[in-house]
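In what follows, chains carry the letters A, B, and so on, assigned in the order in which the sequence lines appear, proteins first and then strands, with residues in each chain numbered from 1.
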Protein chains: 2
Amino acid sequence: MDLEEAKKKFIHSWGTLGSQWGINRTMSQIHALLLVSAQPLSTEGIMQDLNISRGNANMNLRALMDWGLISKEHKPGDRKEYFAAGKDIWETARKITAERRKREIEPVLQVLDQLKKESITGGNKEDIMAFQATIQGLDDFTGKANDIVGKFIKSDSNWFYKTLMKLLH
Amino acid sequence: MDLEEAKKKFIHSWGTLGSQWGINRTMSQIHALLLVSAQPLSTEGIMQDLNISRGNANMNLRALMDWGLISKEHKPGDRKEYFAAGKDIWETARKITAERRKREIEPVLQVLDQLKKESITGGNKEDIMAFQATIQGLDDFTGKANDIVGKFIKSDSNWFYKTLMKLLH
DNA sequence: CTAAACTTTCAATACTTTCTGAAAGTTTAT
DNA sequence: ATAAACTTTCAGAAAGTATTGAAAGTTTAG
């Protein structure tokens with residue numbers, strides 16, 4: 001298979017995965033493109049490879065910078081900015097996980113924690129009990145998931161990897 | 001806080017989480033509503049509680065059935081269908097995880113596996129090496145993640161949690 | 001200083017997804 | 001058989017998201 005074709009296939013697949021996980025398709029695709037590029041790419045190059053506008057490229061490159069997944073590089077004697085993706089996939093996974101935890105899990109936990117503490121009025125007893133049981137259960141589960149995710153974020157790749165392999169035995 | 005207000009808060013929060021994870025907001029909200037309801041609800045009741053149309057309710061109830069997250073119930077002497085959410089949150093998490101693995105992780109793994117096996121032509125050596133290294137790394141990582149997820153899906157709730165917490169100390 | 005090279009912004013537009021509601025379909029009781 | 005009760009479908013409308021591209025902003029070299 002031709003290298004360009006293989007790249008396209010991967011970029012498409014990665015873009016689809018991203019969009020199913022609530023991440024902008026173009027953002028995933030730019031990330032995928034940079035992951036499989038031996039050299040850093042300029043905005044211009046990215047625009048051409050993915051057939052997207054300058055504004056779109058700029059916006060999603062910024063988002064990827066915000067997530068810490070790519071970095072800017074400069075070539076001597078060239079005013080353009082070049083972008084490169086971090087190539088350590090564990091590190092990348094940790095950054096994505098950390099960002100999503102902050103944006104998504106933590107707000108929910110906050111609501112669940114608050115609701116768990118509140119004293120609930122105005123329904124019949126059975127309804128209140130059902131409500132509280134559900135919130136309790138979800139808060140417990142979400143809290144544990146959050147803890148595990150926290151450990152993962154702070155972990156060293158090799159250690160975590162070995163630990164998981166032990167689990168898979 | 002009033003029970004109805006507390007429910008609304010939870011339903012809203014759960015709906016937001018769902019939509020950020022690529023799940024239809026209404027689907028998450030119906031699920032949340034059923035989670036905090038002591039009694040099964042009819043389509044009619046769901047429509048009223050969430051202010052949504054019959055078509056929307058029907059469509060998302062079906063999706064929740066497909067995911068195995070809710071079940072139909074019948075009351076004697078009543079022709080309406082009533083819906084109830086499974087209340088075991090670990091079981092629910094396992095079902096969601098299983099479904100998403102099937103829909104999302106496995107297709108990507110298939111592409112990665114295929115690309116890993118392909119012999120790549122038509123680029124310079126450095127580019128081909130970079131491409132293959134990335135695919136290799138991602139396939140490895142995704143495969144491991146997939147294995148772990150598989151363990152989780154098959155696991156007993158307590159065993160999985162205890163094991164993870166022990167390993168992560 | 002200023003012009004060229006480059007980056008950022010954002011209003012308008014295109015695209016995608018979700019939702020509505022009325023019509024069609026199905027089931028049940030009599 | 002048929003009419004009421006209920007569920008499902010789906011084309012069109014609405015809402016939500018992503019993308020464009022031209023103008024504004026910034027930086028650098030000379």
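Linking ILVMFWY side-chain heavy atoms closer than 4.5 Å, directly or via other members, places Ile148(A) and Leu112(A) in a single hydrophobic cluster. Under the 4.5 Å side-chain heavy-atom criterion for Ile, Leu, Val, Met, Phe, Trp and Tyr, Tyr82(B) and Ile52(B) are members of distinct hydrophobic clusters.
Note: Ile153(B) CD1 to Glu99(B) CD = 10.0 Å, rounded to the nearest 0.5 Å. Note that the CZ atom of Arg25(B) and the CG atom of Asn60(B) stand 12.0 Å from one another [nearest 0.5 Å].
Within 4.0 Å (heavy atoms only), Glu81(A) reaches sugar-phosphate atoms of the nucleic acid but no base atom.
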Base-contact (B) and sugar-phosphate-only (S) positions in nucleotides 17-30 of chain C, heavy-atom cut-off under 4.0 Å, - elsewhere: -SSBB-----BB--
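Summarising the geometry, the separation between CE on Met47(A) and C1' on dA22(D) is reported as 12 Å, rounded to the nearest angstrom. In this structure, His74(B) atom NE2 and dC6(D) atom C1' are separated by 10 Å, rounded to whole Å. For the pair Lys80(A) NZ and dT27(D) C1', the interatomic distance rounds to 15 Å; values are reported in whole Å. Look at CD on Gln20(A): it is 15 Å from P on dT16(C), rounded to the nearest Å. As a whole-Å value, the separation of Leu50(A) CG from dA18(D) C1' is 15 Å. Distance Ile46(A) CD1 to dT7(C) C1': 13 Å, rounded to the nearest Å. Look at OH on Tyr82(A): it is 14 Å from P on dA5(C), rounded to the nearest Å. Atoms NZ (Lys72(A)) and P (dC6(C)) sit 15 Å apart, rounded to a whole Å.
Contact check of residues 29-39 of chain A against DNA chain C (heavy atom, cut-off under 4.0 Å) returns no residues at all. Within residues 62-70 of chain A, no residue has any heavy atom under 4.0 Å from DNA chain D.
Ala57(A) and Thr43(A) get closest at one heavy-atom pair: CB-CG2, 4.0 Å.
Within the cation-pi definition used here (under 6.0 Å to the ring centroid, within 45° of the axis), Lys7(A) does not qualify as a partner of Phe131(B).
Within 6.0 Å of the CE atom in Met129(A), the count of heavy atoms belonging to other residues, nucleotides or ligands does not exceed 12. Residue Lys87(A) places its NZ atom among more than 12 non-hydrogen atoms of other residues, nucleotides or ligands, all under 6.0 Å distant.
Considering Ile70(A), Ile30(A), Ile46(A) as possible partners of Leu41(A), the one that fulfils the side-chain contact (heavy atoms from CB on, under 4.5 Å) test is Ile46(A).
Gln114(A) and Gln110(A) share no side-chain donor-acceptor pair at under 3.5 Å.
Ring geometry for Phe152(A) versus Trp90(A): interplanar angle of 30 to 60°, hence tilted.
Side-chain nitrogen and oxygen atoms of Asn58(A) include at least one within less than 4.0 Å of the OP1 or OP2 phosphate oxygen of dT8(C).
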